[in-house]
Protein chains: 2
Amino acid sequence: MFTAMAVITQPVATTRNRILDVAERLFVKHGYDGTSLRMITGEAKVNLAAVNYHFGGKEALMEAVLKRRLDWLNEERMRVLDELEASADGRPPRPHKIVEAFFGTLIGMGSNRELGGEVFLKLIGRSFTSPNGFIRALLAEEYREVVERYKQAFINALPEVPRQEVAWRFQFMLGATAYALAGSDFLQVSVQFDSDELPIEQARRLWPRLYSFLVGGMRAAIPEGDLQPLGGFGLGLSMADLEAADLDDADDAAVA
Amino acid sequence: MFTAMAVITQPVATTRNRILDVAERLFVKHGYDGTSLRMITGEAKVNLAAVNYHFGGKEALMEAVLKRRLDWLNEERMRVLDELEASADGRPPRPHKIVEAFFGTLIGMGSNRELGGEVFLKLIGRSFTSPNGFIRALLAEEYREVVERYKQAFINALPEVPRQEVAWRFQFMLGATAYALAGSDFLQVSVQFDSDELPIEQARRLWPRLYSFLVGGMRAAIPEGDLQPLGGFGLGLSMADLEAADLDDADDAAVA
DNA sequence: GTCTATAGACGGATAGAC
DNA sequence: GTCTATCCGTCTATAGAC
């Protein structure tokens, strides 16, 4: 179905690459601020000064860690959408195929060590909400083109959904995905990845469920404009707000 | 419809409370690791030693910041679900009402200064994926009861959805919500909160859209078991490579 | 490219006066 | 409860030998 696959270059275990690999893992485990260069160089068995020699500093190292994966990911996403649109001769691709192209490409990386595997998935899942401005700025820049293109594809595929709503839903899809990847533990009483389970098995369990949730959300009924959260806006301040909070049913979501 | 509202106590500007307020804001802005006690006590105009006197240390301060809001939130969620179930005399409440009870209660806090407003929403949105184990452990403990109860409510409300799938979807809903609240900037080309806009106006724009997305995802078609991401599991790799896939280190998080 | 050594700033925590 | 002063560890970054 999809023919050409972007070439994956076999990495060499140079000092530079060893630093990148260890940094990626430790940035996930302890966060950017919680990881020192000494932790990285110690575990990678390279000299402390090597980070500054090869990358120029800690921030530049983080940039290199992220770009190594994101350049590949977003080029692949562009390529997959190209193929999807080419194979549909003129008609817009179906929404669930676009979801698959954008998020499936990411999840697929989780099963592949050369592409960062589940370590990278956790890193990207957490980076969007990093308190460090330079990380968010880098992601904004790296994602700008591909998000704009996919957003347009969704708009074409969902003529009945207002443009603005598509953008919101894209954001919600990204959030649901990022959190699933970032791997919060607190729900794991029920949704538990067996820690001895291979990453490929984890992806196999996650992907169909996430996919169906995203497609369901993307196709949901258009929201009413004046729906209020429980207790109203300004919770606890006015009883008048409470009266309006009780709205009724949306219809059932479509299935395909 | 909903009668009693939990009482909101007017906070006094004691040293202790000033520390909590400033710490909440700075932990959001710079993250836990990126915020020093000197930054907090400086801005709160209290002595550096006051944090250790009143809370015992930095970690204990973070715990106090989170508990101040979460105790109220999760008690309110319990109360709202009580009322919802009482008003349905015997039948399970409809799924969208449960979504409203759980997530609407949270969003409502964003419009209320006394409850932390949008600052707390950002804090909680980011805390679930904190690299600091003690923060995730605290959240797991604070959410355990209320998540268990709401999960059961969803299971009762959605007899056609297998129990296990309900847990996954709960996790996805939490993710979509947390990210929307954490306020990643990178999609803001299209989904933009005017920074001069009042928090209450931001909530008014977010909530109906998030609500409809969550309900749509919750009611989606049941996923197929063998769906594969684009490129399959093990994107671009041979089977031999896949079998070599490795496991990551044991997590240092203590989950009760 | 790799290494040692160190500069120079900042971190959390605490002892003890008031 | 509040304050000053300080301990002691860690941080990033760099100078300079090899």
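Chain naming here is simple, since letters A, B, ... match the order of the sequence lines and numbering starts at 1 in each.
Remark: the backbone N or O of A/F134 is not paired with any side-chain donor or acceptor of A/N132 at under 3.5 angstrom. Formation of a donor-acceptor pair under 3.5 Å by the B/K58 side chain with backbone atoms of B/Y32 is found in this model.
Interface residues of residues 52-68 of chain B facing DNA chain C, ordered by number: B/N52, B/G57, B/K58; criterion, heavy-atom separation under 4.0 Å.
The shortest side-chain heavy-atom distance between B/V46 and B/I40 does not fall under the 4.5 Å cut-off. Within the 4.5 Å cutoff, the side chain of B/L20 has heavy atoms near those of the B/F55 side chain.
If you take CG of A/L48 and C1' of D/dA13, they are 9 Å apart, rounded to a whole angstrom. The distance from atom CG of B/L37 to atom C1' of D/dT6 is 16 Å, rounded to the nearest whole Å. Counting to the nearest Å, the C1' atom of D/dT4 and the CZ atom of B/R38 are 12 Å from each other. Atom C1' of nucleotide D/dG1 and atom CG of B/N17 are separated by 15 Å, given to the nearest angstrom. What separates CD1 of A/I19 from C1' of C/dT2 is a distance of 11 Å, to the nearest Å. Distance NE2 (A/H30) to C1' (D/dT10): 15 Å, rounded to an integer number of Å. Put simply, CE on A/M39 is 12 Å from C1' on D/dT10, counting in whole angstrom units. A straight line from CG of B/D33 to P of D/dT10 spans 16 Å, rounded to a whole angstrom.
Listed pair B/S36 / C/dG11 meets the phosphate criterion, a side-chain N or O lying under 4.0 Å from OP1 or OP2. Side-chain N/O atoms of A/T15 include none lying less than 4.0 angstrom from OP1 or OP2 on C/dG1. OP1 or OP2 of D/dT4 sits under 4.0 Å from a side-chain N or O of B/N47.
Among the atoms of the strands shown, base atoms are found under 4.0 Å from some heavy atom of A/A49. Note on A/T35: only backbone sugar-phosphate atoms sit closer than 4.0 angstrom, heavy atoms only; bases stay farther off.
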Fill in: B/F102/B/R77 under side-chain contact (heavy atoms from CB on, under 4.5 Å): CA gap, chis, key distance, verdict
CA-CA 6 Å; B/F102 192 88; B/R77 279 170 163 162; 3.4 Å; yes
Return all side-chain donor-acceptor pairs below 3.5 angstrom for residues 61-68 of chain A, not counting sequence neighbours, or 'none' if the list is empty.
residue: A/R68; atom: NH1; partner: A/D21; partner atom: OD1; Å: 3.0
residue: A/R68; atom: NH2; partner: A/D21; partner atom: OD1; Å: 3.1

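Atom CD of B/E145 sits in a sparse spot, with 12 or fewer heavy atoms from other residues, nucleotides or ligands closer than 6.0 Å.
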